[in-house]
Amino acid sequence: MIKENENVKAMNSSAVPVSIAFAVVVVGMVGVYVCGHLVVWLQNLGLNSFASYPELFVFIAIILLAMLAAAMPGSHRISIISIAAFAGFVALTYNQEILIKYLSLAALLFSIGMYGMVASRNAVRVLMSIELMLNAVNLNLVAFARYVDPVHVRGQVFAIFILTVAAAEAAVGLAIVLAIYRNTATVDMEKFNLLKW
Amino acid sequence: MEQFELLTNWAQANVESFMLYLLAAIAIPCAFSVLFDRAIIRSGFFLIGVFGAISGLFLILQAQFLALAQIMIYAVGITLVVVIALMLTNARLEKEFSSIEPTERIGGLLVAALFFLTIYLALRSESWPVSSLQMRADNVLQIGVALLTNYALPFEFASVLLLAALMGAILLAKSDPKETENVTGSLVE
């Protein structure tokens, strides 16, 4: 029994994560081809409103597969999640306009930052996630400046202002983290309950 | 081989899309590593990867000044400050709370995923007024003129904000236990 467990652990450490990541990529690429047939099938069934968003099916399939793969014990979760997110991003935007590609990438980075801001326990990591979100907003502004309003440079000027505010925010935020650390000897978000009433 | 030729033809026809996906393939895993890496100092360095990829995106969006400012301010300045703050706060704490387990905090995950899907659907159902013009070649000159004419007031406010933020940061981060002792001592007297 113990030997079996050890064997399972040894297999998990090397073979399983790589094969799972590979499977996620392959299934994502196959799904892009399959979704064309799926659309015709849905239109035959009369579900036109679902058939007008074929990429969403591929995206949801990739996300579900990645969740399944990440739930397995011993899998390398960071690579599975990153590969699935990139494959989903490609599946969602591969036949869109170029502006929508930029804006979707910015939205994806913004939601990654949002999740990190909500779920991180280290205060410095929370600040890093906020920097990520500000940067995604900058990407939006520069993409608008390039494609919607290329004659004037309004988007780029506002991106410069956001850069300034981000620098100020990083300095003050990290100073606050240092001050809190000096007072409470921790940077754990779960233990910052000084204002609890 | 034919498939490969098709791929290269596609890449030559859509250089910008190809570069966008290449830089996204750098930015997205780096962003996830910032959140999930066990050693937080390494996630601070992955942040440089994200910022570098985004400055590459600025370059292919023909915003040269912003790309270089991004590298100088974010990838060097802010990341340096973050790493120094990591070193000043305690390194022993890493063992207590290593990183986010991706499977926990389902609520935050759901909110972020729903947010992304909503934004994406809103983006693709909108018809954007895309202009076919290029950015002008004297981009830096235009930014400078705009900052000192139309946007002169926000520019000055930004400088005041930076000054106030720097002074506030120094005051907050400065540690002087002696001075407080003196104050309490004088109060006692």
Side-chain angles (χ1 to χ4, degrees), chain A residues 70-71 77-78 81-82 85-86 89-90 92 96 98-101 103-105 107-109 111-112 114-116 118-122 124-125 127-128 131-132 135 139 142-143 146-148 150-151 153 156-157 159 161 163-164 167-168 170-172 174-179 181-182 186-188, chain B residues 16-17 20-21 24-25 28-29 31-36 40 47 50-51 54 57-58 61-63 66 69 73 78 81-82 85-86 88-89 97 100 102 105 108-109 112 115-116 119-120 123-124 128-131 133-135 142-143 146-147 151 154 158 161-162 165-166 168-169 172-173 175:
Chain A
R77 293 200 175 108
I78 300 177
I81 291 173
S82 343
F86 179 65
F89 170 67
V90 173
L92 283 180
Q96 300 288 329
I98 184 85
L99 175 63
I100 295 181
K101 288 179 189 173
L103 299 185
S104 313
L105 177 61
L108 181 58
L109 287 178
S111 359
I112 294 173
M114 199 158 84
Y115 175 60
V118 172
S120 295
R121 290 186 65 188
N122 194 326
V124 182
R125 215 192 280 264
L127 283 175
M128 284 189 217
E131 296 298 331
L132 207 62
N135 230 313
L139 182 55
V142 176
R146 165 73 180 83
Y147 281 106
V148 180
V151 179
V153 284
Q156 299 193 7
V157 171
F161 288 138
L163 223 65
T164 317
V172 174
L174 289 169
I176 289 174
V177 168
L178 281 186
Y181 175 71
R182 215 179 297 122
T186 180
V187 286
D188 191 347
Chain B
E16 193 170 359
S17 283
L20 167 71
Y21 283 132
I28 294 172
F32 276 111
S33 303
V34 169
L35 301 196
F36 296 134
I40 187 165
L47 203 60
V50 183
F51 292 156
I54 288 181
L57 286 171
F58 286 174
L61 281 168
Q62 306 178 3
L66 265 173
I73 295 175
I78 290 182
V81 174
V82 167
L86 282 180
L88 285 178
T89 54
F97 55 103
I100 322 165
R105 313 297 172 97
L109 190 63
F115 177 81
F116 170 67
I119 294 280
Y120 168 75
L123 284 178
R124 60 169 284 173
W128 296 98
V130 174
S131 149
L133 296 172
Q134 299 282 312
M135 297 294 287
Q142 266 196 312
I143 291 178
L147 272 182
Y151 300 94
L161 172 78
L162 268 185
L166 279 182
L172 277 173
S175 64

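Below, chains carry the letters A, B, ... as their sequence lines are ordered, and counting in each starts from 1.
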Pairs of heavy atoms under 4.5 Å with chain A: top-ranked of [options]:
| options | answer |
| --- | --- |
| B:Leu147, B:Ile143, B:Leu161 | B:Ile143 |
| B:Leu20, B:Leu166, B:Ile73 | B:Leu20 |
| B:Ile119, B:Leu47, B:Leu66, B:Val81 | B:Leu66 |
| B:Ala24, B:Gly168, B:Ala69 | B:Ala24 |

Side chain, backbone, both or neither of [X] within contact of chain B (heavy atoms, under 4.5 Å):
| X | value |
| --- | --- |
| A:Gln96 | side chain |
| A:Ile112 | both |
| A:Val157 | side chain |
| A:Phe161 | side chain |
| A:Val153 | side chain |
| A:Leu139 | both |
| A:Leu92 | both |
| A:Leu108 | both |
| A:Leu103 | both |

Distance in Å, [X] [atom1] paired with [Y] [atom2], rounded so as to fall on 0.5 Å steps:
| X | Y | atom1 | atom2 | answer |
| --- | --- | --- | --- | --- |
| B:Gln134 | A:Arg146 | CD | CZ | 4.5 Å |
| B:Leu109 | A:Ile81 | CG | CD1 | 8.0 Å |
| B:Glu16 | A:Ile98 | CD | CD1 | 4.5 Å |
| B:Ile40 | A:Ser120 | CD1 | OG | 8.0 Å |
| A:Tyr115 | B:Phe32 | OH | CZ | 9.5 Å |
| B:Tyr120 | A:Ser111 | OH | OG | 13.5 Å |

Could you walk me through whether A:Glu131 and B:Phe51 pass side-chain contact (heavy atoms from CB on, under 4.5 Å), step by step?
-> CA-CA 9 Å; A:Glu131 296 298 331; B:Phe51 292 156; 3.9 Å; yes

Are A:Val124 and B:Val82 close enough, and set up right, to give a side-chain contact (heavy atoms from CB on, under 4.5 Å), and what steps lead you there?
-> CA-CA 7 Å; A:Val124 182; B:Val82 167; 3.8 Å; yes

Go through [options] and name the one with the most non-hydrogen pairs under 4.5 angstrom from chain B.
| options | answer |
| --- | --- |
| A:Leu132, A:Val118, A:Val177 | A:Leu132 |
| A:Ala159, A:Ala171, A:Ser104, A:Ala85 | A:Ser104 |
| A:Val151, A:Leu163, A:Thr164, A:Asn135 | A:Asn135 |

Exam field: side chain A:Arg125 to backbone B:Val34, donor-acceptor pair closer than 3.5 Å =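 Yes: the side chain of A:Arg125 pairs with the backbone of B:Val34.
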
Hey, does the side chain of B:Gln62 reach the backbone of A:Pro150 with a donor-acceptor pair shorter than 3.5 angstrom?
->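 Checking the backbone N and O of A:Pro150 against the side chain of B:Gln62, no donor-acceptor pair under 3.5 Å is found.
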
Is there a side-chain contact between [X] and [Y], using heavy atoms and a 4.5 Å cut-off?
| X | Y | answer |
| --- | --- | --- |
| B:Ile54 | A:Leu109 | yes |
| A:Val148 | B:Ser131 | no |
| A:Leu105 | B:Ile28 | yes |
| A:Lys101 | B:Tyr21 | yes |
| A:Leu178 | B:Leu172 | no |
| B:Leu123 | A:Leu99 | no |

Of the non-hydrogen atoms in A:Gln156 and B:Ala63, which two are nearest, and what is the gap between them?
->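 Closest approach of A:Gln156 to B:Ala63, heavy atoms only: NE2-CB, 3.4 Å.
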
Could you tell me which non-hydrogen atom of A:Val172 sits nearest to which non-hydrogen atom of B:Ala165, and how far apart they are?
->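 That closest heavy-atom pairing would be CG2-O, 3.7 Å.
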
Atom group of B:Ala146 that falls short of 4.5 Å from chain A, counting heavy atoms =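 Just its side chain gets close to chain A.
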
Sort B:Phe115 into side chain, backbone, both or neither according to what part of it lies under 4.5 angstrom from a heavy atom of chain A.
->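 Side chain of B:Phe115 only, per the 4.5 Å heavy-atom cut-off to chain A.
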
